[in-house]
Number of protein chains: 2
Amino acid sequence: MFSLAEENYLKAIYHLEHENQGEVSTNAIAERMDTKPSSVTDMVQKLAEKDLLSYKKYKGTLLTPSGRKIAANVIRKHRLWEVFLVEKLNFHWDEVHVIAEQLEHIQSDELIARLDKFLGSPDFDPHGDPIPDKHGNVKRTEKKLLSECEKNQRGVCVGVKESSGEFLQYLDKRKISIGTKIKVLGKEFFDGSMIIQVGSDQFFISQKIAENLYVQTN
Amino acid sequence: MFSLAEENYLKAIYHLEHENQGEVSTNAIAERMDTKPSSVTDMVQKLAEKDLLSYKKYKGTLLTPSGRKIAANVIRKHRLWEVFLVEKLNFHWDEVHVIAEQLEHIQSDELIARLDKFLGSPDFDPHGDPIPDKHGNVKRTEKKLLSECEKNQRGVCVGVKESSGEFLQYLDKRKISIGTKIKVLGKEFFDGSMIIQVGSDQFFISQKIAENLYVQTN
DNA sequence: AAATATTTTTACCCTTGTCTAAAAATTAAG
DNA sequence: CTTAATTTTTAGACAAGGGTAAAAATATTT
């Protein structure tokens, strides 16, 4: 139905829309897709023709509902395949992205329905990202303090409670910022301290840190 | 490494080489791939440049060892994915071809190695066709009489012992010819009769029939 | 508000893979 | 063995998708 290139553009725009709110700029798309702005302009105009996104010259683009649905479906496929690769084929979670980038374009609703069932209809992929349902809807979750999380829970950093320079510098040193994924590896009840995973790093944090970091959990 | 179109040409030529012995004609490739002879000439010349096949104008083509290896690898991937679809996702064996045509082009040796292991390193796909090993070698098997086959064995018709008009007419009526796949569903020891599957038809055959049909078994 | 910098678009070219129409080879028939 | 039929190749043309360089619009400084 849609070409590989079209699907990749829709997917990139979908992600950019969620990262920054509002219109997505030509340059942002070009950078994300490792291509040139002129190529983006071309493709965006074609996709606007097909009513997959709305586009005003020089003003950026926004996906239409149908464009959004297609993008969400590609992402659904990507994430389901990632679950398959990790759970069934024992890949490590940081090896699967490149392969899933190819698998996400396989066209067959029946295949995805059966794969989903085979995997036990997972809600999240191995990176902790939510898997859209077949209608393109993503389970949105509430934010809470990291200190309220339990062992083995995952969350995405969505903000801070305190915002002193010292605290922000600490977060910077630990490479934690908005959008960073955090997994609680262990929690000490005595003092509320935690061991957490951030990317491939694992380290200790005090309760004071955990009480000042907002995360969106699964 | 190779484009989708290139892989599909190599695969088609590989199959045609095995079906008819000797050079593969431009028209044969065009018909198999549902494209025009002029397009085939173009592509075949490109593939000859890359030493994936040998080509003499007006004389047809033959794969080189490297071309054959690539083709066999695509076929290996196709058949492994078919096993996956049938064994793990419970597709029916006649529904999987179209999907496997897409999956066969996913590039990742690691993926295929793991998929192969996950499936228990099968030797045959759900249609009974042999799966080439990772070096592109196909297990070649000896032919024998259908009457020597056991229950649940599969074979491909490769010839007849008797060739009377009546017998050939019978085979024709049953849609059995060179290359037809046959599966033994049941065998009666008392009289050597069998129930066999041919395509989606199942029927009874006498020992006399089974003793005059050569098959190549798994 | 004018000048400068940045972003976006346009106009044109390139590559891959396909097609049509016509020319050239090969094969088959009389 | 010469004509007819068939197969194959060549010579353009086209659509998708991407790139360059320059023009046009928008943003930012001063």
- Message: Regarding Glu110(B) and Arg114(B), does a basic nitrogen lie under 4.0 Å from an acidic carboxylate oxygen?
- Response: yes
- Task: In whole angstrom, give the distance that lies between atom NZ of Lys56(A) and atom C1' of dT26(D).
- Result: 16 Å
- Task: Would you classify Thr41(A) as touching base, sugar-phosphate or nothing, given that sugar-phosphate means primed atoms plus P, OP1 and OP2, and contacts are heavy atoms under 4.0 Å?
- Result: base
- Message: So, OP1 or OP2 of dT10(D): does either fall under 4.0 Å of a side-chain N or O from Gln45(B)?
- Response: yes
- Query: Does dT6(D) have OP1 or OP2 sitting under 4.0 Å from an N or O in the side chain of Asn27(B)?
  - Reply: no
- Query: Atom NE2 in His78(A), atom CD1 in Ile131(A): separation rounded to 0.5 Å?
  - Reply: 10.0 Å
- Nucleotide-resolved protein contact map, nucleotides 15-25 of chain C, B/S/- at heavy-atom distance under 4.0 Å: --BBBBB--BS
- Are the side chain of Glu166(B) and the backbone of Leu168(B) linked by a donor-acceptor contact shorter than 3.5 Å? no
- Query: Is Glu17(A) paired with Arg68(A) through a side-chain N to carboxylate O contact shorter than 4.0 Å?
  - Reply: yes
- Task: Would you please indicate yes or no on a ring centroid separation below 6.0 angstrom for Tyr9(B) and Phe2(B)?
- Result: no
- Message: Can you measure Lys59(A) atom NZ to dA27(D) atom C1' for me and round it to whole angstrom units?
- Response: 10 Å
- Query: Phe167(B) vs Tyr170(B) aromatic rings, parallel, tilted or perpendicular, using cut-offs 30° and 60°?
  - Reply: parallel
- For Glu7(A) and dG17(D), give me the distance from atom CD to atom P, rounded to whole Å. 11 Å
